[in-house]
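One-based numbering along the sequence shown. What you see is a predicted model; the values in this text were computed from it and never measured.
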Amino acid sequence: LEQSNEIIDHDIDMLRRAHLILSFLATKLPPNKLPFFSVNLSPKTLSSQTFTVALKAILRDEPHVGPNLVAEITERFDFDDPARAAHNLQDLHDANIEISQDDVPEGECAGLKYKETRRLISSIKMIEGGESALTAVAGAAFNPNDYKRVLEKIETEDMAKKAVDQGFH
């Protein structure tokens with residue numbers, strides 16, 4: 001799916017669904033009780049010319065739930081158009097949607113690859129043991145400590161405590 005243009009429609013639909021759920025919950029819950037939803041977005045989607053139009057249409061009716069959305073840039077492929085991706089990521093950022101690079105240091109990690117996109121990322125999601133690889137991948141290009149680091153696949157309280165002790169969120 002990610003290698004075809006079908007991923008663009010899929011990702012936009014998932015973003016729309018997450019936004020609809022948050023918009024509904026905003027009518028039932030106080031703002032400080034709204035959950036956070038993470039939505040995977042392919043580099044192909046973020047390189048798409050239709051993304052900004054779709055994003056603005058999604059946010060038009062209820063723009064205030066954006067801060068409860070997290071856009072995770074999937075790791076497998078590079079951006080087809082890094083300049084367009086930077087523009088689309090800026091639109092997400094302007095809508096107060098957190099931008100995260102998913103599954104560092106696996107795959108391409110396109111969001112961290114380019115200065116124009118890297119500056120818009122606020123968190124890095126990684127698998128356990130990825131810390132040393134992240135440091136090696138970063139080299140002199142960026143400081144991994146400038147980002148909120150989120151450890152994925154936490155399944156027990158002991159794992160959560162260990163992650164917090166290691167500086168993860």
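- Taking CG of L29 as the start and OG1 of T27 as the end, the distance is 8.0 Å to the nearest 0.5 Å.
- In this structure, L22 is a member of the same hydrophobic cluster as F24, with clusters built from ILVMFWY side-chain heavy atoms closer than 4.5 Å.
- Side-chain atoms of Q101 do not come within 3.5 Å of backbone N or O of I124 as any donor-acceptor pair.
- When every heavy atom of A110 is checked against every heavy atom of F77, the shortest pair comes out as CB-O, 3.7 Å.
- The shortest heavy-atom contact between I73 and G111 is CD1-CA, 3.9 Å.
- A single hydrophobic cluster is seen to contain both L15 and L34, as judged by linkage of ILVMFWY side chains at heavy-atom distances under 4.5 Å, directly or through other members.
- Expressed to the nearest 0.5 Å, how far CZ of F51 lies from CZ of R84 amounts to 11.5 Å.
- I12 and F37 end up in the same hydrophobic cluster when Ile, Leu, Val, Met, Phe, Trp and Tyr side chains are linked at under 4.5 Å.
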Checking L89 against F79 for the side chain to side chain contact (heavy atoms under 4.5 Å, CB included) test, could you report, in this order, the C-alpha distance in whole Å, the side-chain angles of both residues, the deciding distance, and whether it holds?
CA-CA 12 Å; L89 288 168; F79 295 122; 4.2 Å; yes
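- Side-chain atoms of T117 and K113, non-hydrogen and from C-beta on, never get closer than 4.5 Å to each other.
- With values rounded to the nearest 0.5 angstrom, Q49 atom CD is found 10.0 Å from I8 atom CD1.
- The backbone N or O of L41 lies less than 3.5 Å from no partner atom in the side chain of T45, so there is not a single donor-acceptor pair.
- Separating the CZ atom in R118 from the CD1 atom in I99 is a distance of 14.0 Å, to the nearest 0.5 Å.
- By the 4.5 Å heavy-atom criterion applied to side chains, S23 and V65 are counted as neighbours.
- The shortest non-hydrogen separation linking S48 to N88 is O-ND2, 2.9 Å.
- Nearest heavy-atom pair across A86 and E116 is CB-CB, 3.8 Å.
- Contact annotation: the side chain of H64 approaches that of E62 to within less than 4.5 Å [non-hydrogen atoms, C-beta and beyond].
- A donor-acceptor contact shorter than 3.5 Å links the side chain of S42 to the backbone of K44.
- Between I97 and the choices V70, D91, L69, the side chain to side chain contact (heavy atoms under 4.5 Å, CB included) rule is met once, by L69.
- Formation of a donor-acceptor pair under 3.5 Å by the N68 side chain with backbone atoms of P35 is found in this model.
- When all heavy atoms are compared, the tightest approach of S47 to D81 is OG-N, 3.2 Å.
- Among all heavy-atom pairs drawn from S122 and E98, the shortest one is OG-CG, 2.9 Å.
- If you chain together hydrophobic residues whose side chains sit under 4.5 Å apart, L25 and L20 never meet in one group.
- Hydrophobic clustering keeps I58 apart from V53 (ILVMFWY residues linked when any side-chain heavy atoms are closer than 4.5 Å, directly or through intermediates).
- Checked against D103 for a side chain to side chain contact (heavy atoms under 4.5 Å, CB included), the options E75, E72, R76 give a single hit: E75.
- Contact annotation: the side chain of I121 never approaches that of S100 to less than 4.5 Å [non-hydrogen atoms, C-beta and beyond].
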Could you walk me through whether M14 and N40 pass side chain to side chain contact (heavy atoms under 4.5 Å, CB included), step by step?
CA-CA 8 Å; M14 291 296 102; N40 284 351; over 6 Å; no
Test side chain to side chain contact (heavy atoms under 4.5 Å, CB included) on D9 and E6 and set out the steps.
CA-CA 6 Å; D9 291 336; E6 292 176 33; 6.0 Å; no
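- In this structure, the side chains of D11 and V39 stay at 4.5 Å or more apart for every pair of heavy atoms.
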Does the side chain to side chain contact (heavy atoms under 4.5 Å, CB included) test come out yes or no for R119 and Q90, once each step is laid out?
CA-CA 10 Å; R119 67 179 181 78; Q90 183 66 56; 3.0 Å; yes
